[in-house]
Asker: 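Below is one structure. I have some questions about it.
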Amino acid sequence: MATAKSTRKSSKPPVFTLVETNGQQIRTTSLIVAEGCELEHASVIRLIRKYKSDFEELERVDFEIRPFATAGGTQEREIATLNEDQATYLITLFRNTPIVRRFKLALVKAFRAAINELHRIKQQQFNLDWQQQRIESRVEFRLMNATLKAVREIQGKETKQHHYSNEARLINFALTGEFKPLDRERATAEDLALLAKLELKNTLLMGLCQPYTDRKAALQQYAVELRTRRPAMTGSRQQLALAA
């Protein structure tokens, strides 16, 4: 049986994300497997390349270069992305130590959880209420962007892509507490309703020439108020305007 060189021993379960999702695709990586099994990543990559033809009977193996931070600065390394079957086959090439066995179980559970989540997302998108809220949030998002551009034109300012991105991140922050992208296709109908109302509120505040910092505080408070009366969150665009 082929093996990869071990790096350390530990009784702690892996605490990092085991799978990555991109649309309907669920993948793990050679780095995730190496760290989960406590093996050297370089030896795992060599193993994949050695049996590449076997892996590609399951699906083409993608190799990519990803940056990573070190004490000496940012460096790059080669990563292989693997589907569930390829990851399972890779682990069969390792010695079945307690660490490998424990990680194998954790990885199976992670793939299953990701598959269930994708199924949930697909099912919710057939829900009429979800579709309505998705449309309303999309309309309010476009209105917010149009208002941003109009207000900046009045001020004699050019509006660039990062200005729109800043407003989107502001709305996401009010909803989630984090300045990061939000996958609206994964959001629930209730969260989409919250987004639409926050976008409309931000549009009104921009129209009143409220500065960014004031709008940030107001949207945070508004999100708290909305959550306290969440049962009444669904409704028409007219209701959204009245509530805002």
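One is the number of the first residue; the rest follow in order along the sequence. Atoms considered below: every heavy atom in the structure, side chains included; atoms not considered: hydrogens, waters and symmetry mates.
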Asker: Would you say the side-chain atoms of R169 and N172 include a donor-acceptor pair closer than 3.5 Å?
Answerer: no
Asker: From T29 OG1 over to F63 CZ, what is the distance, rounded to the nearest 0.5 angstrom?
Answerer: 12.0 Å
Asker: Nearest 0.5 Å, please: how far is OG in S137 from CG in L200?
Answerer: 12.5 Å
Asker: Going through the distances and angles, do E136 and R138 end up as a salt bridge (Lys or Arg N to Asp or Glu O under 4.0 Å)?
Answerer: CA-CA 5 Å; E136 288 181 350; R138 186 181 293 118; over 6 Å; no
Asker: For residues 207-215, tabulate all N or O donor-acceptor pairs below 3.5 Å that involve a side-chain atom, not counting sequence neighbours.
Answerer:
unit_1 : atom_1 : unit_2 : atom_2 : d
R215   : NE     : Q210   : O      : 3.1
R215   : NH1    : E167   : OE1    : 2.7
R215   : NH1    : N202   : OD1    : 2.8
R215   : NH2    : E167   : OE2    : 3.2

Asker: Listed by chain and number, what are the ring pair (Phe, Tyr, Trp, His ring centres under 6.0 Å) partners of F55, not counting sequence neighbours?
Answerer: Y89
Asker: One pair to check against side-chain contact (heavy atoms from CB on, under 4.5 Å): R101 and L105. What are the steps and the verdict?
Answerer: CA-CA 6 Å; R101 189 174 66 251; L105 178 60; over 6 Å; no
Asker: I need the minimum non-hydrogen distance between A80 and I45, along with the two atoms involved.
Answerer: N-CD1, 3.9 Å
Asker: Could you give me the CA-CA distance, side-chain angles and deciding distance for F94 and V44, then say whether side-chain contact (heavy atoms from CB on, under 4.5 Å) is met?
Answerer: CA-CA 9 Å; F94 303 158; V44 172; 4.1 Å; yes
Asker: So how far is it from E190 CD to L195 CG, rounded to the nearest 0.5 Å?
Answerer: 12.5 Å
Asker: side-chain contact (heavy atoms from CB on, under 4.5 Å) for T81 and R66? Distances and angles first, verdict last.
Answerer: CA-CA 11 Å; T81 58; R66 295 190 185 181; 3.7 Å; yes
Asker: Can you tell whether the side chains of K52 and D54 come within less than 4.0 Å, N to carboxylate O?
Answerer: no
Asker: Identify the heavy atoms of T74 and P67 that sit nearest to each other, and give their distance.
Answerer: CG2-CB, 3.8 Å
Asker: What distance do I32 atom CD1 and L107 atom CG have between them, rounded to the nearest 0.5 Å?
Answerer: 8.5 Å
Asker: I'd like to know if L148 and F179 are part of one continuous hydrophobic network [Ile/Leu/Val/Met/Phe/Trp/Tyr, side-chain heavy atoms within less than 4.5 Å].
Answerer: yes
Asker: Report the C-alpha separation of F68 and L31 in whole Å, then their side-chain angles, then the decisive distance to 0.1 Å, and conclude whether the side-chain contact (heavy atoms from CB on, under 4.5 Å) test is met.
Answerer: CA-CA 12 Å; F68 68 102; L31 181 62; over 6 Å; no
Asker: Any idea which heavy atoms bring G36 and F103 closest together, and the distance?
Answerer: CA-CD1, 3.4 Å
Asker: Check E140 with R184, please: is the shortest side-chain N to carboxylate O separation under 4.0 Å?
Answerer: no
Asker: For V19 versus A114, what's the shortest heavy-atom pair and its separation?
Answerer: CG2-CB, 4.0 Å
Asker: Nearest 0.5 Å please: distance from the CG atom of N145 over to the CZ atom of F141.
Answerer: 4.5 Å
Asker: Identify the residue among E84, E59, Q86 that makes a side-chain hydrogen bond (donor to acceptor under 3.5 Å, both in side chains) with R27.
Answerer: E59
Asker: Going by an N to O cut-off under 4.0 Å, is there a salt bridge joining E225 and R227?
Answerer: no
Asker: Within 45 degrees of the ring normal and closer than 6.0 Å to the centroid, is that where the cationic atom of R46 sits relative to Y51?
Answerer: no
Asker: Side chains of Q220 and F173: does their closest heavy-atom pair fall under 4.5 Å?
Answerer: yes
Asker: Ion pair present between E78 and R49, side-chain N to carboxylate O less than 4.0 angstrom?
Answerer: yes
Asker: Stepwise, does the side-chain hydrogen bond (donor to acceptor under 3.5 Å, both in side chains) test hold for R77 with H41?
Answerer: CA-CA 10 Å; R77 61 186 163 201; H41 180 242; 5.4 Å; no
Asker: Rounded at 0.5 Å granularity, tell me how far CG in L194 sits from CD1 in I171.
Answerer: 11.0 Å
Asker: Apply ring pair (Phe, Tyr, Trp, His ring centres under 6.0 Å) to Y164 and list each qualifying residue two or more places apart in sequence or on a separate chain.
Answerer: none
